[in-house]
**Q** 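Supplied in structure tokens, the structure appears directly below.
Here is the naming used below: chain letters follow the sequence lines, and residue numbers restart at 1 for every chain.
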Amino acid sequence: MVPRAPAHQTVMQTPVPHQHGVRRAFSLPARMQRMPAMPFSPVTSRVSFPEQEERILAFWKQHDVFKRSIEERPADNVFSFFEGPPTANGNPGIHHVLARVFKDLVPRYRTMRGYRVPRKGGWDTHGLPVELEVERSLGFSGKPDIEAYGVEAFNEKCRESVFKYVSEWERMTDRIGFWIDTEHAYVTYHPEYVESCWWIFKTLFEGDLMFRDFRVTPHCPRCQTSLSSHEIALGYKEDTPDPGVTLRFRLNASSGASDALRLDDGVPTSLLAWTTTPWTLSGNTALAVLPEATYALVERADAHLGRERVVVAEPRVAAAVADGEVIATLPGTALVGLRYEPLYESTTWDGIDPLMFVDGRTQKPKSAADLPARRVIASDHVTTDEGTGILHVAPAFGEDDYGMGRAEGLMFLQPVRLDGTLIGGPGDGLFAKVADPPITQDLRERGLLFRSETIRHTYPFCWRCDTPVLYYAKPSWYIRTTAVARDMVAGNQRIHWVPEHIKDGRFGEWLEGNIDWAVSRERYWGTPLPIWVCELCEHTEVIGAYDELFARARAGTADGVRKADGTVDAHRPFIDRVELDCPQCNGTMRRTPEVADAWFDSGAMPYAQFHYPFEQNEFMSRFPADFICEAVDQTRGWFYTLHALATLLNHTEDVPEAIAYRNVVCLGLILDGEGQKMSKSRGNVVDPWSVLNAHGADAIRWYMYTASPPGNSRRFSTDLVAETSRRFLSTLWNTYSFFVTYANSAGFDPSGAKPDASAYSELDRWIRSELHQTVRRVTDALEAYEPSEAARPIEAFVEQLSNWYVRRSRSRFRQGGADSNAAQHTLYECLVTVSKLLAPFTPFIAEELYRNLVAERVSGTADSVHLAMWPEVDEAAIDEQLSSDIALVQRMVSLGRAARAKAQTKVRQPLASAVLVPRTEAERGALTRLADQIAEELNVKAVEVITDPGDRLAYTIRPNLPVLGPRFGADVGKVRGALQGADAAAIVRAMRAGDPIEVGGFTLAPTDILVTVEASAGWAAQEESGYAALVDTTVTPELEAEGLAREIVRRLQDLRREAGLDVGDRIRVTYRAAEPVASALATHAASIAEDTLASSFEAVAEPAGEARSVEDVDGTEVVLALSRV
RNA sequence: GGGCCUGUAGCUCAGCGGUUAGAGCGGUCGGCUUAUAUCCGACUGGUCCCAGGUUCGAAUCCUGGCGGGCCUACCA
């Protein structure tokens, strides 16, 4: 249907202020203005949602609706949204659709609330995934291949690769109705973006928030590169066999041991330590014990060494030293500070460069004598659950070890090369894992091996080449996030998280355990670190702007960065050639070779997307974001880097807020039908287009919003989307189609005066009450960023609208007159309001309804629902009593139908009466008032509402536990027992009279007891939760005749439809029927004729006409024939 | 290994201290219907993952397991 407006030039008018509403900003063609007689465009009940959506997309484009939805809102009322940039190096899957539809929801809602919501897109273009994709396409297997190929050419390939899939992303984004400005999207490799990143680096460096240090990192010795945590996760192998060796670290007279260790006895005494990595032993510089643990001195006889004593944690004695005798125990603190004999004198080996920790940094010692001696240290990392309770510490090969080295000022030895080969000792020149056996053998021969075994554990391998990964200390640049860790924790408390548990759960705990951010990567395609270090004196300088770079660069060295045409490309390898003069020593300053972690780029987007601070533009009005939304896997990714950089830059007083976002919705992951995460590697990714083409974007969107709360993971299947479309969208569509059909035939004018309040029927007042309660619920939920909570009430309302309001009002729409007008106004209001409520959720169908019902019919209105204002709650329309009364009616009708089903009388068969039994007097009043509706629904002649059904019912009584529980506590059981034995009828009588009830020594009030009823003969009853409905099952001959007449009406209507007659066609009917049908038809001929628009209805011997059918009515043959008049 | 989430009908999910655990879909049967690709009813289908505990009362709260998901991790 949309767009129906003929193509024409839209005329932009001067923007108008929008404090209280939206003014139309372009003029409609003259023929569309003020033509109340013009009907709504006809709406077919059969609609292709996907095709309709394409038409609406075209309408939005033609009329620039997205852009206007921003620009028509006041510039001083900004709601800020940050787009977390997707990496466009693969085709988008349905899981990307999930994120994008949730991102779209809140901005659309806020726009309708009158905010200006700019939506700048972005692309994440740097990083390892891009490099790996290129490596794959070039058939590379590691860094040496890239170096040989040339960094310049390689990076050029990366740049091309990034946008290979962008058009696919844009096509998907557009089709699902995600409004985002891709035209002005930020791109992380653009020079302006990189320059902002540089500014941040410089700001942090000058604020003493950046430093260089060793970092222990997973390292693939074959590819000679660090592996990111993501890559490591790909390569874990279970049950990897490794050596498990227990070693003797000898104590001697100069160890400084206390008397407790009895070294004076002259018995050889050792500390025992266990490790799975013998190749790290030559890097040992300490042993760690748990100070609060108790250690045991164990004496034993060794087959080779004779009498000896060993020290292990007391709980480990049985496991580690099965054949010994504990001769003393001592606290862990008594071991701290002991010196021990090194396994290897590795400090003196060729090629080893011993370092030491000073003030937390590794340094060369002034002389060999300054090196700290190996000693026993205290550490919380030690456990007594495993090994010996004494830990071998090699700071060069373990993160914990490194931390201990730093904290304790230990020696630092790294006798392993980056290619994984050992320097010196028994394994000299061998690859680390290969060196384990010779090292073990050497220690065995020297009497230092206490025990050797093979253990199995989970160990990481390089996912590309299957080489075991080594953990290895390498120099790295850090951002000192620990300096602002408390600020980050405090800031987090000001962020509204959905779901809430992320705040103090996954995210909060991550912040609590914050460590400095290792931000450098030894890679190629990334933001180059703008750090230059003097070759001679190590003077370090950070460049924060291109102008600064060009001013400082030695002549000619920056030519590759600033191209001849004036553009800048600060990427490698050009930037690597830039040399600066050292201001301190006249040496040459060269750039540190690393690039930035790509997460740094994305965390910098609040600033870099606007080239802040180089351009003073939107940044200030956009920071911090009011809303961001990504999947939970971003908790330690984008959510963290955004937060960290904001807190850091606030710490340096360069940005005004310490948080980057105020509200964040974390989405769960999409799983496939089997509950597995969708990923390219598993091959279970659903192609969004297959679903979009079949069911459309609205169906997918509605499914995403309603399937489960945003934070839950959800299983996805096309069938579930199809169900959504059928159940929700079709119901709404048909209600809309119904309205348009009858409104047009009645000449309904939406601009016409609204009916007086008194003209509205009770049904009208009820649905309006429901409508405005729905508006309230939806608004509240959206204000709380709870999309699922917001969507469900709309679904429930549409269901009520279609299946109660419209169904019960159908005849009113046909009749005309004041009542008909009230019904039309009511349904119109409902549909228009629903279209606005739905606009953020299902923007296409909402637009279609709004365009046809409002924009094209009512002057002075916005021409798109997305430019309209959010509906206001009409508090006066809300009548909660009426809402609950109708809910009760619906419940009673449902009970009554169930009672009919028990009696096996179809609803078409009229019955004499129904008896309703509510729980309270107030309910009795309501049902009495609404008895007519119930009688119609149940097809009974009379409805009686009573609280005492007399002998039509038998009673059972039950204790009202929620009331009795708090009062009687443990006696509840006795009360229950007493009630079971009591005379139910007598108690019910007492309850009716309002008398206190004495039972088993307890005094109960009427409200303490619940009554259940059952029908007696001649009645059918259904009871639920204290409510009951009964129907009189007696079918008199009169009732039977009436039922037969209605049966014939239904069959004639079927015949009309089969014959292809129009709703208004008048007919002539002839029939032949045996008894008892014949008499029934004769009696009711007039009403049958009226219901079927028949001008004549006569019994003949041989019925004939345009359509004829032979029917079996309860065993009686009936022949029907009809012809158009 | 640790953290967080999650486990309810064949499927997707509500319910999160209170009477007989629900909805939609599916299946079977019946019914309504000239807005509907709809709708209504009945039937079918549940050791509310398991085991303890708290409580008068537990799907719901606590503890411990088990399964699934995500994140994280060389506990030597």
**Q** Could you let me know what B:A59 is paired to, Watson-Crick or G-U wobble, both distances under 3.5 Å, or none if it's on its own?
**A** none

**Q** Strictly by Watson-Crick or wobble contacts shorter than 3.5 Å, is anything paired with B:C48, and which nucleotide is it?
**A** none

**Q** When you check the side-chain N and O atoms of A:Trp497 and A:Asp504, is any donor under 3.5 Å from an acceptor?
**A**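 There is no such pair between these side chains.
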
**Q** With rounding to whole Å, what would you report as the distance between B:C49 and B:C16 at their P atoms?
**A**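 Nearest-Å result for B:C49 against B:C16 at atom P: 16 Å.
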
**Q** Distance check, P atoms only: B:C11 and B:U20, in whole angstrom units.
**A** 27 Å

**Q** Expressed in whole Å, how much space separates the C1' atoms belonging to B:G17 and B:C48?
**A** 15 Å

**Q** Pick the C1' atom in B:U36 and in B:G45, then give their distance to the nearest Å.
**A** 29 Å

**Q** Between the protein and nucleotides 22-26 of chain B, which nitrogen or oxygen pairs come in under 3.5 angstrom?
**A**
{"unit_1": "B:G24", "atom_1": "O2'", "unit_2": "A:Glu723", "atom_2": "OE2", "d": "2.9"}
{"unit_1": "B:G24", "atom_1": "O2'", "unit_2": "A:Arg727", "atom_2": "NH1", "d": "3.4"}
{"unit_1": "B:C25", "atom_1": "O4'", "unit_2": "A:Glu723", "atom_2": "OE2", "d": "3.4"}

**Q** Taking 4.0 Å as the cut-off, does a side-chain nitrogen or oxygen of A:Asn712 come that near to OP1 or OP2 on B:C4?
**A** no

**Q** Side chains of A:Trp274 and A:Glu453 only: does a donor on one sit below 3.5 Å from an acceptor on the other?
**A**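 Short answer, yes.
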
**Q** Please report the distance, rounded to the nearest Å, between CD in A:Glu509 and P in B:C71.
**A** 16 Å

**Q** Kindly point out which of B:C13, B:C70, B:A35 is positioned nearest to the side chain of A:Ser708?
**A**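 It is B:C13.
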
**Q** Sort out the partner of B:C39 for me: Watson-Crick or G-U wobble, both distances under 3.5 Å, none otherwise.
**A** B:G31

**Q** For A:Glu799 and A:Ile390, find the nucleotide of RNA chain B closest to each by heavy atoms; which residue's nucleotide sits nearer the 5' end?
**A**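 Nearest-nucleotide comparison on RNA chain B picks A:Glu799.
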
**Q** A:His501 near the nucleic acid: base, sugar-phosphate alone, or nothing, with a heavy-atom cut-off under 4.0 Å?
**A** sugar-phosphate

**Q** What is the distance, rounded to the nearest whole Å, between atom CD of A:Glu399 and atom C1' of B:U72?
**A**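 Distance check: A:Glu399 CD to B:U72 C1' gives 12 Å.
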
**Q** Can you measure A:Arg808 atom CZ to B:C40 atom C1' for me and round it to whole angstrom units?
**A** 14 Å

**Q** Using atom P of each nucleotide, how far apart are B:G10 and B:U47 to the nearest Å?
**A**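 Roughly 7 Å separates the two P atoms.
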
**Q** Output the single nucleotide from B:C75, B:U36, B:A37 whose closest atom is nearest the side chain of A:Ser730.
**A** B:A37

**Q** Tell me the partner of B:C4, counting only Watson-Crick (N1-N3 plus N6-O4 or O6-N4) or G-U wobble (N1-O2 and O6-N3) with both under 3.5 Å; none if nothing fits.
**A** B:G69

**Q** Can you check the distance between B:A37 and B:A42, where both ends of the measurement are the C1' atom (answer in whole Å)?
**A** 24 Å

**Q** Under 4.0 Å between a side-chain N/O of A:Ser894 and OP1 or OP2 of B:G41, yes or no?
**A**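 Result: yes.
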
**Q** Where each residue is assigned the nucleotide of RNA chain B containing its nearest heavy atom, which of A:Ala707 and A:Val216 is assigned the position nearer the 5′ end?
**A** A:Ala707

**Q** Would you kindly say whether A:Trp804 and A:Glu799 are connected by a side-chain donor-acceptor distance under 3.5 Å?
**A**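 There is no such pair between these side chains.
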
**Q** Let me know the distance between CE of A:Met892 and P of B:G41, rounded to the nearest Å.
**A**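 So the CE-P distance, A:Met892 to B:G41, works out to 15 Å.
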
**Q** Roughly how far apart, to the nearest Å, are B:G7 and B:G26 at atom P?
**A**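 Result for the P pair: 25 Å, nearest Å.
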
**Q** When you check the side-chain N and O atoms of A:Asp698 and A:Tyr703, is any donor under 3.5 Å from an acceptor?
**A**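 Short answer, no.
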
**Q** Could you tell me the Watson-Crick or G-U partner of B:U20, where both distances fall under 3.5 Å? Say none if there is no partner.
**A** none

**Q** If you check every side-chain atom of A:Asn734, which of B:C70, B:U36, B:A14 has the closest atom?
**A**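 Within the option list, the nearest is B:U36.
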
**Q** Please classify the nucleic acid contact of A:Phe813 as base, sugar-phosphate, or nothing, using heavy-atom distances under 4.0 Å.
**A**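 Touches nothing.
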
**Q** Taking the minimum atom-to-atom distance to the side chain of A:Arg506, which one of B:A35, B:A37, B:C70 wins?
**A**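 Side chain of A:Arg506 sits closest to B:C70.
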
**Q** Write down the distance separating the P atoms in B:A73 and B:G67, rounded off to the nearest Å.
**A**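 Rounded to whole Å, the distance is 23 Å.
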
**Q** A:Arg1046 has a side chain; which of B:U33, B:C13, B:G3 sits nearest to it?
**A**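 The closest nucleotide is B:U33.
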
**Q** Looking only at side-chain atoms of A:Phe738, point me to the closest of B:C75, B:A35, B:G41.
**A** B:A35

**Q** Would you call A:Glu937-A:Arg807 a salt bridge at under 4.0 Å N-O?
**A**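 Salt bridge between A:Glu937 and A:Arg807, a charged N being under 4.0 Å from a carboxylate O: yes.
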
**Q** Phosphate oxygens OP1/OP2 of B:G31: is one of them under 4.0 Å from a side-chain N or O of A:Arg897?
**A** no

